[in-house]
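Take a look at the structure set out below.
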Number of protein chains: 2
Amino acid sequence: MGTIEPGATADVAPAETDERTRSRLLRAAVCIFDRKGYAAASVREIVEIAGVTKPALYYHFGSKERLLTTVLDEACREFTAAMERAVARKGTARQRLEALCEDLHGLFQEHVPVVRVAHATFFGPVEGAPPFDFTLFDRRLEAAVRRIVEEGQAAGEIATAASAADVSLVIMGVIGVFAVRQIHYSFEPIGLDTMRRVIGLIFDGVLREQGQQGERRQ
Amino acid sequence: MGTIEPGATADVAPAETDERTRSRLLRAAVCIFDRKGYAAASVREIVEIAGVTKPALYYHFGSKERLLTTVLDEACREFTAAMERAVARKGTARQRLEALCEDLHGLFQEHVPVVRVAHATFFGPVEGAPPFDFTLFDRRLEAAVRRIVEEGQAAGEIATAASAADVSLVIMGVIGVFAVRQIHYSFEPIGLDTMRRVIGLIFDGVLREQGQQGERRQ
DNA sequence: GTCTATACAATGATAGAC
DNA sequence: GTCTATCATTGTATAGAC
């Protein structure tokens, strides 16, 4: 405003506008990718929703592909962090698994559109969409589950007869079903109480031999 | 060839060519939809792979959308038929569920590209791709599983303490995990032996109270 | 950093001959 | 039923002013 020398304005405005533009673009991208899909989403519509212009998008992300990978990268980062917090918890294996499932449930609930875009990309075509290693997230989740199961076995809470890998597979399946029910339009989401009940169902079959459990017979 | 009257050739060739063209188009469509996705797939490439021309596609299917829905419809029909055969089987609930899972596993194995297209459509965007009721397949599968579970409960093979719906949810989860591992590039498919072991894992927690089972203690 | 204006390829679909 | 030729539209991405 009051600066005399042209070009020397060390204003904070540029950088501030920069971040606003960037985040506006990211939010708009998630919205359009979710509704139209990556391939059918046009940069025209994205910048329109974001309230910016095309060159702004290419300045910040370079391409439509990098716009998607940035969205997925940030989501993956956040989910991984939450997963690590969950696995660091104390308690019985059952309590920890329940907490992990509840955390994921809550996280998905907060970011339904992003999770939908992630699923669409995961199940989408190989060509056309940029490569993104989703198995990273999947492997991390399975590793977290398996670790809790193994520690539960070591603590004598879970039968060692069943391999931790098999148990983890069942848990992963339940998590998957609940996630799908949460994000897909055609289903009404399943409540947390049902989730806990189902986990209990699995556990009753994974517990150590009934005779050793003590509390069991009623 | 030797016909005198022009246009009066009641040859069988046209109809025969018709069906060949149609099925060639369907196979090419699955191939391209699988690799590029519905939105990014171009009718140009599809007809090129099929060895026909664009107007032939529009003559048989009317639009790109109907080409996809036809593919999915036929797949859904075949899968549903196999599901009904599986649920009609005799034996214990465990045997029937194992058989159902094995049948699905085999069916998916035979039609990996179609199953991938189905998943991509299911998890894909609402707009852009033609509407297709996949919950139909999902609901049928869940109904089949639940029915077997309920009959298992009635026969005294499965504990009535757990709701059939909850048990079905766990089975659906396992089926889902195995299906994903089968069709997705990033995973190596899980073998049938593992599948049986995992089902056994679930069952050991769903069986009636151990004391009543007789065979149980070793 | 953000704009206007534009380059240029590829798309789904059709008209009309045969 | 299947073809050749073509249309109008939309796509991503960029050059250059400010």
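This one's a predicted model, so the numbers in the text were calculated from it and none came from an experiment. Numbered from 1 within each chain, the chains take letters A, B, ... in sequence-line order.
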- [ ] Taking atom types as modelled, find out whether R66(A) and T70(A) have a side-chain donor-acceptor pair closer than 3.5 angstrom.
- [x] no

Task: Stepwise ring-ring contact (aromatic ring centres under 6.0 Å, His included) check, H184(A) with F122(B) - done: CA-CA 9 Å; H184(A) 204 276; F122(B) 182 71; 3.9 Å; yes

TODO: Take atom CD1 of I46(A) and atom P of dG11(D), then tell me their distance rounded to the nearest Å.
DONE: 11 Å

TODO: Calculate, to the nearest 0.5 Å, the distance between atoms CD and CD belonging to Q182(B) and Q109(B) respectively.
DONE: 5.0 Å

- [ ] Walk me through it: do E151(A) and R147(A) pass the test salt bridge (Lys or Arg N to Asp or Glu O under 4.0 Å)?
- [x] CA-CA 6 Å; E151(A) 290 176 1; R147(A) 175 144 176 202; 3.1 Å; yes

Task: For atom CZ of R24(B) and atom P of dT2(D), their distance in whole Å - done: 11 Å

TODO: To the nearest 0.5 angstrom, please state how far the NZ atom of K64(A) sits from the OG1 atom of T69(A).
DONE: 12.5 Å

TODO: Please check if the distance between the ring centroids of F108(B) and F79(B) is under 6.0 Å.
DONE: yes

Open item on the list: With a cut-off of less than 4.0 Å, is there a side-chain N or O of T53(B) near OP1 or OP2 of dT2(D)?
Closed with: no

- [ ] May I have the distance from Y59(A) (atom OH) to dG16(D) (atom C1'), rounded to whole angstrom?
- [x] 16 Å

Task: Annotated protein contacts, base or backbone, on nucleotides 5-15 of chain C with a non-hydrogen cut-off under 4.0 Å, one of B, S, - each - done: -B----BBBBB

